[in-house]
**Student:** 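Just dropping this structure here.
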Amino acid sequence: MNTLRFRRTAVAVATAAVLPLALTACSSDDSSKDAAAGSTPSAAASTSAAPDDSMTMDEPFGPACASVPKDGAGSFDGMAKDPVATAASNNPELSTLVTAVKQAGLVDTLNNAQNITVFAPTNEAFAKIPKADLDALLADKAELTKVLTYHVVGEKLTPKQLEKGSFDTLEKSKLTTAGSGMEYTVNDSSKVVCGNVPTANATVYIVDSVLMPPK
């Protein structure tokens, strides 16, 4: 009888000793799960927030942007520090435009203007014009001024505004824009090949055709 009572007492003591350990283990396991569960939403939140931070429409876009130097005066950072005519002179793809601007006496006009948009034709855009016609245009200051000022809008335009736009130019005629995302055209024909390029006083959209004002 005493032996039986001793065994029951021993089992009870053993159970009492093991039970708290089991409960502690369960509690620790649950806490770990809770901690893991608690960390999951914040990790997901930071993951979902990251793309939003990186997605901006403030950067230049378009296939021709790849040819812009990575550093120096002709880079995007360099152009952003200079007024538009000076900035264009540092971009080798715009050398014909710069020559035309100088020929028309518009360097100071463009550099001193505030908050404008310039649709800047590339050298290849000017090369589409027959040489005799281009030479005649460069020799006619009044007509050249008319053509060049038709490429300038008196406000800074965002890509969003180009989706379906109609804007007054410094030449006093209107030009139209259309497109979305990273593909836009001006007057239904000239494509933006590198857009949203900042300069100190202007936003530049480099285009692949010279824009001709209506007669």
Side-chain angles (χ1 to χ4, degrees), residues 60-65 67-68 79 83-89 91-199 201-215:
F61 63 87
C65 291
S67 64
V68 174
M79 291 178 72
V84 64
T86 302
S89 70
N91 187 324
E93 297 298 321
L94 301 177
S95 59
T96 305
L97 172 63
V98 172
T99 297
V101 168
K102 290 178 179 178
Q103 195 82 1
L106 293 174
V107 172
D108 289 341
T109 299
L110 294 177
N111 277 349
N112 293 328
Q114 294 300 314
N115 298 321
I116 59 175
T117 294
V118 176
F119 293 93
T122 62
N123 294 343
E124 291 183 3
F126 280 99
K128 292 179 182 179
I129 302 174
K131 187 177 184 306
D133 294 343
L134 180 58
D135 289 345
L137 177 63
L138 292 173
D140 186 339
K141 186 175 181 179
E143 186 63 23
L144 182 60
T145 299
K146 183 179 174 72
V147 170
L148 293 176
T149 53
Y150 183 64
H151 290 74
V152 184
V153 173
E155 62 178 302
K156 283 189 176 182
L157 301 177
T158 65
K160 185 71 176 175
Q161 288 175 280
L162 300 188
E163 289 182 0
K164 190 177 181 181
S166 177
F167 307 102
D168 291 323
T169 69
L170 295 193
E171 186 270 334
K172 305 302 183 187
S173 299
K174 287 185 179 293
L175 59 75
T176 60
T177 59
S180 62
M182 295 186 178
E183 296 186 359
Y184 298 91
T185 58
V186 186
N187 289 350
D188 296 324
S189 58
S190 186
K191 294 180 180 179
V192 174
V193 293
C194 183
N196 208 30
V197 179
T199 72
N201 67 326
T203 298
V204 176
Y205 291 89
I206 300 175
V207 294
D208 69 354
S209 298
V210 176
L211 307 174
M212 292 298 180
K215 296 295 186 181

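Position 1 is the first residue of the sequence; numbering continues from there.
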**Student:** Is any side-chain heavy atom of V186 less than 4.5 Å from a side-chain heavy atom of L162?
**Tutor:** no
**Student:** Minimum heavy-atom separation for G105 to T109, with atom names?
**Tutor:** O-OG1, 4.4 Å
**Student:** Kindly indicate whether the side chain of F167, heavy atoms from C-beta on, has any atom under 4.5 Å from the side chain of F119.
**Tutor:** no
**Student:** Are side-chain heavy atoms of P198 and P60 found at a separation under 4.5 Å?
**Tutor:**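 Result yes, sub-4.5 Å side-chain heavy-atom pair found.
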**Student:** Does T117 use its side chain to pair, donor to acceptor, with the backbone of V153 at less than 3.5 Å?
**Tutor:** no
**Student:** Hey, does T185 have a side-chain heavy atom less than 4.5 Å from the side chain of V192?
**Tutor:**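 Heavy-atom side-chain distance check fails, nothing below 4.5 Å.
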**Student:** Does any non-hydrogen side-chain atom of T86 lie less than 4.5 Å from one of V84?
**Tutor:**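 No. Closest side-chain heavy atoms not under 4.5 Å.
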**Student:** Would you check if the side chain of N196 reaches a backbone N or O of T158 as a donor-acceptor pair within less than 3.5 Å?
**Tutor:** no
**Student:** Does the D133 side chain pair with the main chain of I129, one donor and one acceptor, at a distance under 3.5 Å?
**Tutor:** no
**Student:** Restricting to non-hydrogen atoms, name the atom on N111 and the atom on P83 that form the minimum distance, rounded to 0.1 Å.
**Tutor:**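 Nearest pair, atom of N111 first, then P83: OD1-CB, 3.3 Å.
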**Student:** For residues 202-212, which side-chain donor-acceptor pairs fall under 3.5 Å, sequence neighbours excluded?
**Tutor:**
residue : atom : partner : partner atom : Å
Y205    : OH   : L157    : O            : 2.7
D208    : OD1  : K191    : N            : 2.8
S209    : OG   : K128    : NZ           : 3.0

**Student:** Looking only at heavy atoms, what is the nearest atom pair of A120 and L97, with distance?
**Tutor:** CB-CD2, 3.6 Å
**Student:** Can you list every pair that meets salt bridge (Lys or Arg N to Asp or Glu O under 4.0 Å) and has a residue in residues 165-183, with sequence neighbours left out?
**Tutor:** K146-E171, D168-K174
**Student:** Which atom pair, heavy atoms only, marks the closest approach of K141 to A104?
**Tutor:**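 Answer, listing the atom of K141 first, then A104: CE-O, 3.3 Å.
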**Student:** Please confirm whether the backbone N or O of S189 pairs with a side-chain atom of N187, one donor and one acceptor, at under 3.5 Å?
**Tutor:** no
**Student:** Considering all heavy atoms of both residues, which atom of G195 and which atom of C65 are nearest to each other, and what is their separation?
**Tutor:**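 Heavy atoms only, the tightest pair is N-SG, 4.2 Å.
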**Student:** When you compare the side chain of F61 with that of C194, does any pair of heavy atoms fall below 4.5 Å?
**Tutor:**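 Side-chain contact under 4.5 Å: no.
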**Student:** Out of curiosity, T122 OG1 to E124 CD, how far, rounded to the nearest 0.5 Å?
**Tutor:** 5.5 Å
**Student:** State which residue, out of N201, V152, L148, T199, fulfils the side-chain contact (heavy atoms from CB on, under 4.5 Å) condition with L110.
**Tutor:** V152
**Student:** State the NE2-CG distance between H151 and L106, to the nearest 0.5 angstrom.
**Tutor:**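 So the gap between those two atoms works out to 12.0 Å.
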**Student:** Mind checking the OG1-CG spacing from T169 to L175? Nearest 0.5 Å is all I need.
**Tutor:**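 Nearest 0.5 Å value for the OG1-CG distance: 6.0 Å.
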**Student:** Could you report the tightest heavy-atom contact between E155 and Q161, atom names first, then the distance?
**Tutor:** OE1-NE2, 3.8 Å
